[in-house]
Amino acid sequence: MLVSSRKTKSCQHKTKSESFAKREVRRLFIFVGLMTADVTLTFFRLILSFLNIVASWFMKVFVAPFAFVYGYNKKVFSAIKSETKGLGARLKSFVYAIRAVKNFHFLEFYRVVVLSVSAVVVIGVLCSAGIWTRFIAAYNVSINGVSVGYVKDTNVYNQAVGHIKEMVAKDEYECVIPQPEFKLCIVSDNQLDTPEKIAQEAVVSSDKLKFAYGLQIDGQLYVAAEDKTVIEDSLTEILNKYRNQSVGDSLPVDVSFTQNATIVGAYFLAEDIADTDLLKTKLSEENIPMTVSTVVKKTYSEVIPFGTVTVENPNKIKGYKKVTKKGSEGLRDVTVEITYVNGVETAKTELSSVVVNEPVSQEITVGTALVTTSTASYKLSSSDRVIWPVRKNSNMCISAYYGDGRNHKGIDIASPCGTDIIAAASGTVVSAGWGVTGSGYGYSILVNGNDGRQYLYAHCSALYVSAGDFVAGGSVIAAVGSTGYSTGNHLHFEIRIGGNAVDPAPYLGV
């Protein structure tokens, strides 16, 4: 059944009351019974009269030869009685009589007559029985005074109503068909009609319904037209526009509507069938509520990113990290299927790929040794070494070394915010404040050491000294923080000789 665009109240055809129908059927069968009895009695009277005539004729014709044989036998018997006596005379006279009539072909004649009469009787009986068993009581269904067929009972028409709903485009169109009238009658059984035929005749009898073709979009009726090809040509024209339109340097391999569009034939109200101008407007690409899906196949080269392999070095303190082998990207040729909806990419499916160059993994060496008292002592262990610049704690580690593949000018010592920063060597504070030692260092301190070196402490959360102050090696001068360009709490510690940064690790004993 076609999907209705809106729910409407279904019309039901009412039939005559059951009690009236039963009463009419009872009266009809009484009438039929009386007529049948009268006709049957008359018929059998005619049959008996016919059989009487046939029997009289049959007896005259059939018995005559035997009478002739008997009479002739009697005469012959009298003639030969004087010559032969007793039973022999009788048999001899009978043989003579048979010889006298052997050229008349009586036996063949009577065989034909008997068979013909028997056939007439049998055919008559069969026809008599068939005439009355073929006729039954039925209803003549008429709409607007026009007969649309015969049904055995009103339930057949109720089944036809279900077929009518399948034939019309909308359920509410059923109401356009007037209610039927039922008239009791006697018909031959081969005159009864099926529900499908009744439904067809009922729909055709309506002058308000007309057969047309409807375009359904996702089950909803959009427009109806008398000519199916008008709808088909309009849809094909829209799709052809995208079929001949290249996407990049490729033509589509498949073009279709994203919605389910079907054209169905059904009966519509004449006023709901669109004319030529309305069809042209509603079926244009700008107005039709449908989107076009275009599938394009492409092949292109794609970079394969390299992986990273970590190598642990127990001779380096935890936090040490250095690229010991550079990685290189690979290359592969990829074939994909890209789906566009109205020109916008909505999906990409990889069909195949061929690796042209394999990627080479990058190797990074990291330290695993923990900071010990010997490497974090506040006292100098030699004339060149300096004091460890962060107060010892369990969460302390070196998070970045000098160089570190990114031109890192110092060493980063990670520690919780507020941890004491210790002066690595005695000296005078040159500058202390925000950004005074370089862009991105946040709060920092630059000290001219008595040993001729400069010491930089950066990203501090708090400063405890000022420019011009003298600091003794091992004294607290600031607190660890994450100010400036920083990603976490740590001390950025530099040692400069002659204005150039050097690797602090050897001076710290790491």
Side-chain angles (χ1 to χ4, degrees), residues 301-334 350 353-378 380-382 384-417 419 421-422 424 438 440-442 453 455-459 480-482 484-497 500-510:
S301 296
E302 182 179 74
V303 172
I304 305 174
F306 58 81
T308 301
V309 177
T310 301
V311 178
E312 295 181 348
N313 188 341
N315 296 322
K316 297 293 183 181
I317 293 179
K318 184 178 181 182
Y320 174 85
K321 183 177 181 181
K322 186 176 181 179
V323 176
T324 53
K325 182 181 179 181
K326 290 184 178 181
S328 61
E329 297 173 332
L331 190 68
R332 66 172 185 156
D333 291 336
V334 185
E350 183 175 314
S353 66
V354 178
V355 177
V356 178
N357 294 320
E358 293 284 353
V360 177
S361 298
Q362 176 180 263
E363 186 178 284
I364 298 178
T365 300
V366 297
T368 58
L370 297 176
V371 178
T372 62
T373 303
S374 61
T375 59
S377 174
Y378 299 137
L380 296 173
S381 58
S382 67
D384 291 329
R385 291 192 178 182
V386 297
I387 300 172
W388 187 262
V390 177
R391 190 174 296 281
K392 181 182 177 182
N393 63 83
S394 59
N395 294 318
M396 180 179 63
C397 70
I398 298 176
S399 57
Y401 279 82
Y402 177 84
D404 199 17
R406 54 189 176 93
N407 197 26
H408 193 224
K409 297 184 180 300
I411 189 171
D412 291 344
I413 303 173
S415 190
C417 181
T419 303
I421 297 176
I422 309 298
Y441 283 150
R453 308 183 189 108
Y455 299 93
L456 174 65
Y457 310 85
H459 303 305
V480 173
S482 184
Y485 185 71
S486 171
T487 58
N489 294 309
H490 71 284
L491 168 64
H492 175 78
F493 178 67
E494 290 185 18
I495 298 179
R496 297 176 180 177
I497 300 176
N500 298 316
V502 297
D503 186 1
Y507 297 89
L508 294 172
V510 298

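- Atom CD of Glu312 has 12 or fewer heavy atoms from other residues, nucleotides or ligands within 6.0 Å.
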Take Thr324 and Val311, measure what side-chain contact (heavy atoms from CB on, under 4.5 Å) needs, and give me the verdict at the end. CA-CA 9 Å; Thr324 53; Val311 178; 5.6 Å; no

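- Inter-residue side-chain proximity for Phe493 and Leu456 is flagged as unmet; no heavy-atom pair is nearer than 4.5 Å.
- Residue His408 comes nearest to Ala400 through the heavy atom pair CE1-CB, 4.0 Å, listed as atom of the first residue, atom of the second, then distance.
- The heavy-atom pair separating Pro359 from Pro305 by the smallest distance is CB-O, 4.0 Å.
- Of all heavy-atom pairs spanning Arg332 and Val334, the tightest one is NE-CG2, 3.4 Å.
- Using a 4.5 Å heavy-atom threshold, the side chains of Phe306 and Val360 count as separate.
- Pairing each heavy atom of Ala424 with each of Tyr457, the nearest pair is N-OH, 2.9 Å.
- Residue Tyr402 holds its OH atom at 6.5 Å from NZ of Lys409, rounded to the nearest 0.5 Å.
- For the atom pair Met396 CE and Ile413 CD1, the distance stands at 7.0 Å (nearest 0.5 Å).
- The distance from atom CZ of Arg496 to atom CZ of Arg453, rounded to the nearest 0.5 Å, is 15.0 Å.
- Using the six-membered ring where Trp is involved, Tyr441 and His459 have ring planes that are perpendicular, over 60° apart on the 30 and 60° scheme.
- Looking at Ile411 and Leu508, their side chains come closer than 4.5 Å, going by heavy atoms from C-beta outward.
- For the residue pair Ser482 and Gly488, the shortest heavy atom distance occurs at OG-O, 3.2 Å.
- Residues Pro504 and Val386 fail the side-chain proximity criterion, which asks for heavy atoms closer than 4.5 Å.
- Val480 and Leu491 get closest at one heavy-atom pair: CG1-N, 4.3 Å.
- Atoms CZ and CD1, from Arg391 and Ile421 in turn, are 11.5 Å apart once rounded to the nearest 0.5 Å.
- Distance check, rounded to the nearest 0.5 Å: SG of Cys397 to NE2 of His490 gives 11.0 Å.
- The shortest side-chain heavy-atom distance between Ser301 and Val356 does not fall under the 4.5 Å cut-off.
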